[in-house]
There are 2 protein chains.
Amino acid sequence: MTSTAPTAATPEDLLRGAGLRVTAARVAALHAVGDQQHATADDVLSSVRAELGTVSVQAVYDVLHALTGADLLRRIEPAGHPARYERRTGDNHHHVVCRRCGAIGDVDCSVGHAPCLTPSDDHGFVVETAEVTYWGLCPDCSA
Amino acid sequence: MTSTAPTAATPEDLLRGAGLRVTAARVAALHAVGDQQHATADDVLSSVRAELGTVSVQAVYDVLHALTGADLLRRIEPAGHPARYERRTGDNHHHVVCRRCGAIGDVDCSVGHAPCLTPSDDHGFVVETAEVTYWGLCPDCSA
DNA sequence: CCCTAAACTGGAATGATTCCAGTTGAGGTC
DNA sequence: GACCTCAACTGGAATCATTCCAGTTTAGGG
């Protein structure tokens, strides 16, 4: 509920709105993920370096953690593939993942919402979220 | 459809039924995962070593791959935690995962089946399976 | 019983991510 | 506008699960 602006807000505004310091690396990282949805840490590192010159690996991981913690980015971690980051946060949408190349597509829950989110038997677990991952082959890899 | 015996079949029978060679390591691994559902590769390694003495790390990974490939085991790979293996295969059931300790519980799909399995928009992906993961805290960790 | 491909040994390598100790810089204060 | 402090960044080493590799053993068909 903090920021209502959809995508119009600048990275700087987003950072300030989240109470985070505005640094070159963070701004560049937000640009990077904005340009390339579902970017890996490595993708972000390349983008940020292209924009700023020398940036340490650690800086990018720090930035990604900070942004993920502030809900400016969402982290996706498909089994067997490096983590990816996206800017669509807050809504509970899911993903199609390509088994071969790791490409990702966004998928809105087909049933709507609730059913997917309530396990039949929770084994005493306190369940916070449900995550749906569709596995298959992307258009390129299925050819 | 190969084997119809539920859990009564011995590891040896299961292996032969799947056309795999019967080796000590494989039998021991099946025992290990049978005793401790959702065991990690490391858990299996310990169990197998306890049963057989010296067994290489690689052997256990090889065995787990072979058994997974033959559908005698199913591999679960929760984000941020080492992979785990279970003997319940073939049915499409899901999991509750503890964010803190990685403990896992089995969950049957509450909606039944189909809805969870059909993305609203597949982005041209050829979707094979859908995987639902419930994230939360296990009884121990929520205390 | 023998032979061969499949399975196993042990040690080194990989790749994503994190830890660490020291340096830099954002942004509030005077 | 200069100063100060803690958060952010640097660079290099470490971690952890997993895989690769080259050589040795063994299951099980002939």
Side-chain angles (χ1 to χ4, degrees), chain A residues 11-30 32 38-49 51-70 72-73 75-85 97 101-102 104, chain B residues 11-30 32 38-49 51-70 72-73 75-85 97 101-102 104:
Chain A
E12 286 82 353
D13 290 342
L14 289 171
L15 288 167
R16 269 186 279 267
L20 293 178
R21 288 195 183 175
V22 178
T23 70
R26 288 176 179 177
V27 173
L30 282 171
H38 307 132
T40 62
D42 204 58
D43 293 335
V44 175
L45 181 62
S46 304
S47 284
V48 171
R49 280 186 174 161
E51 202 173 322
L52 302 179
T54 309
V55 175
S56 69
V57 174
Q58 191 53 38
V60 167
Y61 278 98
D62 281 352
V63 165
L64 291 173
H65 278 143
L67 298 182
T68 303
L72 296 181
L73 289 184
R75 176 183 193 153
I76 314 156
E77 235 177 308
H81 298 276
R84 287 166 179 264
Y85 297 84
V97 182
C101 72
I104 290 188
Chain B
E12 286 82 354
D13 290 341
L14 289 170
L15 288 167
R16 268 186 280 267
L20 293 177
R21 288 195 183 176
V22 178
T23 69
R26 287 175 180 177
V27 174
L30 282 171
H38 308 130
T40 62
D42 204 58
D43 292 335
V44 175
L45 180 63
S46 305
S47 285
V48 172
R49 282 187 173 160
E51 202 173 324
L52 302 180
T54 308
V55 175
S56 69
V57 175
Q58 191 54 35
V60 167
Y61 278 99
D62 282 351
V63 164
L64 291 173
H65 278 143
L67 298 182
T68 303
L72 295 182
L73 289 183
R75 176 184 193 153
I76 314 156
E77 236 178 306
H81 297 276
R84 287 165 179 265
Y85 297 84
V97 182
C101 72
I104 289 188

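Residue numbering restarts at 1 for every chain, and letters A, B, ... go by the order of the sequence lines.
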Extract from the structure each pairing of a protein N or O with an N or O of nucleotides 25-29 of chain D at less than 3.5 Å, listing the distance.
from    : atom 1 : to       : atom 2 : distance (Å)
dA27(D) : N3     : Arg21(B) : NH1    : 3.4
dG28(D) : OP1    : Val22(B) : N      : 2.8

Expected output: side-chain [X] to main-chain [Y] donor-acceptor under 3.5 Å:
X	Y	answer
Asp43(A)	Thr40(A)	yes
Glu12(B)	Val22(B)	no
Arg26(A)	Arg21(A)	yes

For a 4.5 angstrom cut-off between non-hydrogen side-chain atoms, does [X] reach [Y]?
X	Y	value
Arg49(A)	Val57(A)	yes
Ile76(A)	His38(A)	yes
Pro82(A)	Asp42(A)	no
Leu30(B)	Leu73(B)	yes

Using whole Å, report how far [atom1] of [X] lies from [atom2] of [N].
X	N	atom1	atom2	answer
Asp62(B)	dT19(D)	CG	P	9 Å
Leu45(B)	dC16(D)	CG	C1'	14 Å
Glu77(B)	dA17(D)	CD	C1'	10 Å
Leu64(A)	dA8(D)	CG	P	14 Å

Return the minimal non-hydrogen interatomic distance between Ser56(B) and Leu45(B), and the atom names on each side.
O-CD1, 4.0 Å

Listed by chain and number, what are the side-chain contact (heavy atoms from CB on, under 4.5 Å) partners of Ala24(A), not counting sequence neighbours?
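So Ala24(A) forms a side-chain contact (heavy atoms from CB on, under 4.5 Å) with Leu52(A).
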
Quick one: is dT18(D) close enough that its OP1 or OP2 comes under 4.0 Å of any side-chain N or O from Tyr61(B)?
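Yes, because at least one side-chain N or O of Tyr61(B) sits under 4.0 Å from OP1 or OP2 of dT18(D).
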
Taking for each residue the nucleotide of DNA chain D bearing the nearest heavy atom, is the 5' side occupied by Ala83(B) or by Ala25(A)?
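The answer here is Ala25(A).
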
By the 4.0 Å heavy-atom rule, please label [X] as base, sugar-phosphate, or nothing.
X	value
Ala66(B)	nothing
His65(B)	sugar-phosphate
Arg49(B)	nothing
Thr40(B)	nothing

Provide the start and end nucleotides, 5' to 3', of the part of DNA chain C that has atoms under 4.0 Å from heavy atoms of chain A.
dA16(C) to dG27(C)

